[in-house]
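For the numbers below, each heavy atom of this structure counts, side chains included, while hydrogens, waters and symmetry mates do not. It should be emphasised that the depicted structure is a prediction, and the values quoted were computed from it without experimental measurement.
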Amino acid sequence: QVQPVESGGGLVQAGGSLRLSCAASGSIFMINAMGWYRQAPGKERELVAAISSGGSTYYRDSVKGRFTISKENAKRTVYLQMNSLKPEDTAMYYCAVDAGPPLNTLPLKAAEYDYWGQGTQVTVSS
């Protein structure tokens with residue numbers, strides 16, 4: 001079993017910053033990509049950013065220029081640096097892992113991810 005564990009969430013004022021971390025602890029496995037999803041109350045879960053084994057990245061339009069996803073392969077860890085936070089960013093943020101050979105593909109659908117963290121809450125006040 002593999003359990004991604006998120007950390008770094010919290011309460012911040014609009015315009016502030018947070019850095020989320022996710023470590024994929026547990027059994028040894030190959031990772032093709034990792035991503036960050038978020039879900040606000042009453043809203044659907046949405047992909048925020050993703051990064052492939054080779055470093056290709058995806059950002060949803062609403063966070064481009066504000067968020068940066070990065071990774072440390074040896075630690076099986078992915079980060080999400082969030083700057084210029086807005087109240088609209090308030091949500092539970094989930095780390096997702098696409099396990100498999102590092103083909104350098106960039107999954108954009110939730111069904112393509114194999115493991116999910118429990119989530120870390122990000123609240124942005126106005």
Side-chain angles (χ1 to χ4, degrees):
Q1 294 182 329
V2 175
Q3 177 62 62
V5 179
E6 304 98 333
S7 63
L11 175 63
V12 65
Q13 292 184 338
S17 298
L18 286 172
R19 189 183 75 158
L20 306 183
S21 299
C22 173
S25 63
S27 301
I28 298 175
F29 60 93
M30 294 182 289
I31 296 176
N32 177 61
M34 299 180 73
W36 286 97
Y37 279 76
R38 67 185 181 188
Q39 186 170 30
K43 303 291 185 179
E44 294 186 354
R45 185 172 296 189
E46 61 185 19
L47 179 63
V48 178
I51 187 165
S52 72
S53 56
S56 298
T57 58
Y58 162 86
Y59 300 94
R60 69 181 302 104
D61 288 343
S62 62
V63 308
K64 286 181 178 178
R66 300 189 297 121
F67 291 10
T68 302
I69 189 169
S70 61
K71 62 182 176 66
E72 294 185 53
N73 290 339
K75 296 182 178 180
R76 300 193 299 179
T77 298
V78 64
Y79 305 94
L80 186 67
Q81 178 66 46
M82 304 185 294
N83 298 326
S84 301
L85 282 162
K86 304 175 180 180
E88 293 76 24
D89 297 315
T90 295
M92 185 72 73
Y93 283 69
Y94 298 91
C95 175
V97 178
D98 174 21
L103 301 177
N104 199 37
T105 56
L106 194 59
L108 302 181
K109 299 193 301 183
E112 297 181 83
Y113 292 92
D114 303 292
Y115 303 100
W116 295 79
Q118 294 297 310
T120 184
Q121 179 67 37
V122 172
T123 302
V124 184
S125 62
S126 60

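- No chain of hydrophobic side-chain contacts below 4.5 Å, direct or via other Ile, Leu, Val, Met, Phe, Trp or Tyr residues, connects Tyr115 to Val5.
- Here the straight-line distance linking atom CG of Leu106 with atom OG of Ser52 works out to 5.5 Å at 0.5 Å rounding.
- Atom NZ of Lys71 and atom CD1 of Ile31 lie 9.5 Å apart (nearest 0.5 Å).
- Side-chain heavy atoms closer than 4.5 Å link hydrophobic residues (I, L, V, M, F, W, Y) into clusters, and following such links, possibly through other members, connects Val2 to Val97.
- Atom CD of Gln3 is surrounded by more than 12 heavy atoms from other residues, nucleotides or ligands within 6.0 Å.
- Here the side chains of Cys22 and Met34 are in contact, with some heavy-atom distance below 4.5 Å.
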Exercise. Does the pair Gln121 and Thr90 meet the rule for a side chain to side chain contact (heavy atoms under 4.5 Å, CB included), with working shown?
Worked result: CA-CA 8 Å; Gln121 179 67 37; Thr90 295; 4.0 Å; yes
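- Within the 4.5 Å cutoff, no side-chain heavy atoms of Trp36 are placed close to those of Phe67.
- You'll find the side chain of Arg38 reaches within 4.5 Å of the side chain of Val63, heavy atoms only.
- Closest approach of Ser17 to Asn83, counting heavy atoms only: OG-OD1, 2.9 Å.
- Here the closest heavy-atom approach between residue Pro107 and residue Ala50 is recorded as O-CB, 4.1 Å.
- Using a distance-only test at 3.5 Å, with no hydrogens or angles considered, no donor-acceptor pair links the side chain of Gln81 to the main chain of Thr68.
- Salt-bridge annotation for Asp61 and Lys64: present, with a side-chain N of the basic residue lying under 4.0 Å from a carboxylate O of the acidic one.
- Residues Val78 and Cys95 approach most closely at CG1-SG, 3.9 Å, considering heavy atoms.
- Taking each heavy atom of Gly35 and Tyr113 in turn, the nearest pair found is N-CE2, 3.8 Å.
- Residue Tyr79 is not grouped with residue Leu85 when hydrophobic side chains (ILVMFWY) are merged at heavy-atom distances under 4.5 angstrom, including chains of intermediate members.
- Side chain of Arg45 to backbone of Gln39: no donor-acceptor contact under 3.5 angstrom is found.
- Between Ala110 and Tyr37 the shortest heavy-atom distance is N-OH, 2.9 Å.
- Annotation: the span from Tyr94 atom OH to Glu46 atom CD amounts to 12.5 Å, rounded to 0.5 Å.
- Shortest non-hydrogen contact noted between Tyr93 and Asp89 is OH-O, 2.7 Å.
- A continuous path of Ile, Leu, Val, Met, Phe, Trp and Tyr side chains, each step under 4.5 Å between heavy atoms, connects Leu80 with Val124, placing both in one hydrophobic cluster.
- At least one side-chain heavy atom of Met82 sits less than 4.5 Å from a side-chain heavy atom of Leu20.
- Annotation: the span from Asp98 atom CG to Asn32 atom CG amounts to 4.5 Å, rounded to 0.5 Å.
- With hydrophobic clusters built from ILVMFWY side chains whose heavy atoms lie under 4.5 angstrom apart, Met92 shares a cluster with Trp116.
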